[in-house]
Structures are given as structure tokens and as C-alpha cells.
Amino acid sequence: MKLLLVVGTANDVFVYNMAKWLKACMEDISIDVFEFNHSRSQGYTNDYFDNVYTIDTGLLLNKVKGIRSLLLPYWYNYQFNNCLKNKYYDIIHCHWLIPNVIVSRNLKLHCKKLFVTFWGGELEYLKIIFSHKIYLWYLRRFLKKVDYIVNSQSFCEKNEGRSLFLYCKFKYANLGSVPLEKLYNLIDLESKAQSKKKLGINIDKKTVLIGYSGKSIHQHIPIIKTFSSVGMKKEFIHFLVPMTRGASSKYVQSVENMLQQSGYTYTLIKNCYLTDMDVARLRNATDITLQLSLFDGFSRSIIECLCARSILIYGNWLNYSDRLKEEGFSGITVQSIEEGVEKVYDIVDDLENYQKMGGENSQNGKNKNLWSECIMDWVTIYKANS
């Protein structure tokens, strides 16, 4: 079977592990990857990919604001189509439906079956020619040629009746998490206080995770500004700010400057790779997860935090409620950054009363989100359509 994964970057924890587990479970599979952004920021190899194709981003056009937003999706898609010349796959699977992908009209000429997976934000925020409506127009046209949408059950059930998906068929599958296996082993050996100590954090402070990557969508700066303006409980709160994925050096510096000015202690992680055990220990050291991203899917990173008994505070605009219910998790919803910060203060004052919620989340997440289990749905879907 020949599979092409179309992704933002091949150097991604989920893309890497998906390929790894597919190769482990399917004897006769070759996996090519087409990426729109070449990056080494996550430190993964290409060991499980047969070929990796990357677009040329070194253009003057790429540096001109305005013009860049207007024309780059079409230029990148042109390169994508050129790469596909004389190639044919059993399945092309597009992960994350960015403009570069959906302006295409020719993918079905290069595959037996076309699959897509929504990664979060597409239906709410992405734009073409500065317009979300235009993006949705292209998306509707693109989806008419798609054979299957592969996403979580809650996503599929929620969207199946929408006119945008009128021509689509749905299959259920979830991405897995490697750090979860490490996490549950670590929980048996190491308390939250011990994990904090190993990370150099004062064990008497409550840790608050702000975002799980270096992407600006996590709203690090406005969140830190809000904490700074209120200025409460500085002696009881320690920020955790991992910025090892998707971060530009300029943005990291801006966030670090804000943290230095805030008066709160913090651990900012940058310019390094986190192993699966590093991620597990970071999760185990987290008391409160503050998820106020502009947009996001219900990621494995959030599931890791919940399984680590962290109390999740999330923005109601993220539409997590269905996935939380599906997974047997509980969280606390807020309507703004200001309300989220206020809720952090409330929990810091009364964390013991929230520990039952954390314990139940950890128990309900056990043995449900490991790649060894999740991969079988993907294997079944691919085998039935190759």
C-alpha cells in the first residue's frame, strides 16, 4: 500500500508516531510525506518515512506582508501539484486543511482514495484572501472530492449534518500519545512534588501551564499581562511555559520579557528538545492547565495534562465539552482570559477540593489514548480502502 501524508511539517510528534505505528502494524506500507514547512524544531527523524517532499519557501514573495497572504496559498499549492506529477497513491491523507491544501482541484487524479483530518481551527478561523467565508467556499468545493473525513467520534457526529459536509463520509479515529505511557509509569514512581523538585520548582507553589507549544495562538502575552495587572498570589504561583514547538525566536523573547516583568516565578522551556519522559515529567509537575488558545482541536497534549491530574481551565470558544464527555473527563469552562485568571486564583486557594476531579480524569484516561490502541482504527480504515 502506498500512502501520502500531507502535513504542515513532517517534524511533528503526531506525524512521526503515526508513521512509526503504521509501519509496525502494516507489513506492506510505504509512507511518503509532503510538508509545507520544513522544521527541525521537534527533533524527530525521518526514519519511518520513505520520502519527504518540501516546498521552496525561500522567495521574496514570502517576505512581503499582504501580498504574501494573498498569493502564497496558490504558489505553495502549485508546488504541491508539481510534486505529484507522475505519482499515484492508494491513499492521500491531508492532515490540517490549510489554504495551501484546499485550493487544490487535482488531488483525486493522484490517488485511489482521498482522506482528510481536521486538526482544529479550520472551521472557525482560517482565511483565504483575508476572508473566512472565501476559505469555507474553497473548503466546500474541496470536500466534494473527499472520500472520508477521519476524526474523533464527537467531531464527526457534531458536523455530519452540516451542509458543508453534505458530500462526505466519516470514519472514527484518534491520534495517540507516547508520553501517556511514560506518564502513568512515572505517576506510580514520582509524586507531583518530586517532579517539581526535579524541574527546579518550589514544591510549595502551584504550577500553572500556559499553552503547550510556542505558537502565539496560545495567547501567552495577553494571559501573562492579565496576571501582571491583577498581581495576586505571586508567592503561591509558578508558571510553566514550554516553547519547544512552533515558536519563533522573536516571539519567545517577547514572552520571556513579559514573564520577567510579571513578578511571578516561571519555567520557560526553549531551544531544546523534550523527550517523551521530559514531557511526562512536565505534565506530572502541572497543577493547573490554562488552555485559552484562540483556536485548537482537543489535542493529545491536553489529554496528557488531564491524565496527569491537572485541573483544566478552558475557553468556552474551544468547544471541548463534547470531547471531554466522550473521554470521561471534566474541566472548567470560562468565557475570557480575565475569567480564566480569576479561576486560577480560586483553585490555588482551594486545590485540595479539586483533587477528586483530577484523580477521576486520570483514571478515566488510562489505557484509552495510547498509540498501541489508537492505531488499530487507522489500520482498519487504511486496509479497507487500499
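Hydrogens, waters and symmetry mates are skipped; everything else that's a heavy atom, side chains included, is used. What you are looking at is a predicted structure, and each value in this text was computed from that prediction instead of being measured.
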Discussion item. Taking the six-membered ring of Tyr48 as reference, does the cationic atom of Lys23 (NZ for Lys, CZ for Arg) lie under 6.0 Å from its centre and within 45° of its axis?
Written reply: no
Fill in: 4.5 Å side-chain heavy-atom contact, Ser177 and Trp371
no
Worksheet item: Within 45° of the axis and under 6.0 Å from the centre of the six-membered ring of Phe115, does NZ or CZ of Lys171 qualify?
Response: no
Worksheet item: Taking it one step at a time, do Tyr212 and His218 satisfy ring-ring contact (aromatic ring centres under 6.0 Å, His included)?
Response: CA-CA 8 Å; Tyr212 55 80; His218 292 300; 4.6 Å; yes
Practice prompt. Take the angle between the ring planes of Phe14 and Trp119 and call it parallel below 30°, perpendicular above 60°, tilted in between.
Written response: perpendicular
Discussion item. Between Thr267 and Leu282, is there a side-chain heavy-atom distance shorter than 4.5 Å?
Written reply: no
Item to complete: Return each pair, listed once, that meets side-chain hydrogen bond (donor to acceptor under 3.5 Å, both in side chains) where at least one residue sits in residues 249-263; pairs must be two or more places apart or across chains.
Response: His220-Tyr251, Gln253-Asn257, Glu256-Lys270
Item to complete: For residues Asp349 and Lys233, determine if any side-chain heavy atom of one lies less than 4.5 Å from a side-chain heavy atom of the other.
Response: yes
Worksheet item: Is there side-chain contact between Ile224 and Leu259, with heavy atoms separated by less than 4.5 Å?
Response: yes
Worksheet item: Hey, are Asn284 and Ser195 close enough side-chain-wise for a donor-acceptor pair under 3.5 Å?
Response: yes
Practice prompt. Can you measure from OG1 (Thr9) to CG (Asn11) and round to the nearest 0.5 angstrom?
Written response: 5.0 Å
Worksheet item: In Å and rounded to the nearest 0.5 Å, what is the CD1 to CD1 distance from Ile98 to Ile102?
Response: 9.5 Å
Identify each donor-acceptor pair in which a side-chain atom of residues 203-210 lies under 3.5 Å from a protein atom, sequence neighbours left out, and give them as a table.
residue: Lys205; atom: NZ; partner: Thr265; partner atom: OG1; Å: 3.0
residue: Thr207; atom: OG1; partner: Ala285; partner atom: O; Å: 2.5
residue: Thr207; atom: OG1; partner: Asp287; partner atom: N; Å: 2.9
residue: Thr207; atom: OG1; partner: Asp287; partner atom: OD2; Å: 3.2

Discussion item. Check the orientation of His93 and Tyr382. Use parallel for under 30°, tilted for 30 to 60°, and perpendicular for over 60°.
Written reply: perpendicular
Worksheet item: In terms of side-chain heavy atoms, does Asp350 have a donor or acceptor partner in Asn353 at a distance below 3.5 Å?
Response: yes
Worksheet item: Can you name the salt bridge (Lys or Arg N to Asp or Glu O under 4.0 Å) partners of Lys198, sequence neighbours left out?
Response: Glu190
Fill in: Separation between CD1 of Ile221 and OG of Ser228, rounded to the nearest 0.5 Å
11.5 Å
Worksheet item: Which residue pairs pass the salt bridge (Lys or Arg N to Asp or Glu O under 4.0 Å) test when at least one of the two sits in residues 103-116, sequence neighbours left out?
Response: Lys108-Asp147
Item to complete: Calculate, to the nearest 0.5 Å, the distance between atoms CE and CZ belonging to Met258 and Phe239 respectively.
Response: 10.0 Å
Item to complete: Measure the acute angle between the ring planes of Phe155 and Phe165, then classify it against the limits of 30° and 60° as parallel, tilted or perpendicular.
Response: perpendicular
Worksheet entry | Tyr320 and Gln291 side chains, donor-acceptor separation under 3.5 Å | yes
Worksheet item: Regarding Tyr172 and Asn151, is there a side-chain donor-to-acceptor distance under 3.5 Å anywhere?
Response: no
Item to complete: Please step through side chain to side chain contact (heavy atoms under 4.5 Å, CB included) for the pair Val52 and Asp32, ending with a clear verdict.
Response: CA-CA 6 Å; Val52 178; Asp32 290 355; over 6 Å; no
Worksheet entry | Min side-chain heavy-atom separation Val344-Phe227 under 4.5 Å | yes
Worksheet, complete the sentence: Sequence neighbours excluded, the answer for salt bridge (Lys or Arg N to Asp or Glu O under 4.0 Å) partners of Asp90 is none
Worksheet, complete the sentence: The reported gap from NZ in Lys196 to CG in Leu240 (rounded to nearest 0.5 angstrom) is 8.5 Å
Discussion item. Walk me through whether Asn174 and Asp377 qualify under side chain to side chain contact (heavy atoms under 4.5 Å, CB included).
Written reply: CA-CA 8 Å; Asn174 294 306; Asp377 289 331; 5.7 Å; no
Practice prompt. Specify whether Phe80 and Phe36 have parallel, tilted or perpendicular ring planes, treating 30° as the upper limit for parallel and 60° as the lower limit for perpendicular.
Written response: perpendicular
Discussion item. Looking at Tyr88, I want to see if its OH is surrounded by more than 12 non-hydrogen atoms of other residues, nucleotides or ligands under 6.0 Å.
Written reply: yes
Worksheet item: Does anything in residues 289-318 pair up under salt bridge (Lys or Arg N to Asp or Glu O under 4.0 Å), and if so which pairs, sequence neighbours excluded?
Response: Arg283-Glu304
Item to complete: With rounding to the nearest 0.5 Å, note down the distance linking CD in Glu339 to CG in Leu292.
Response: 10.0 Å
Worksheet entry | Neighbour count >12 (heavy atoms, 6.0 Å) for atom CG, Asp188 | yes
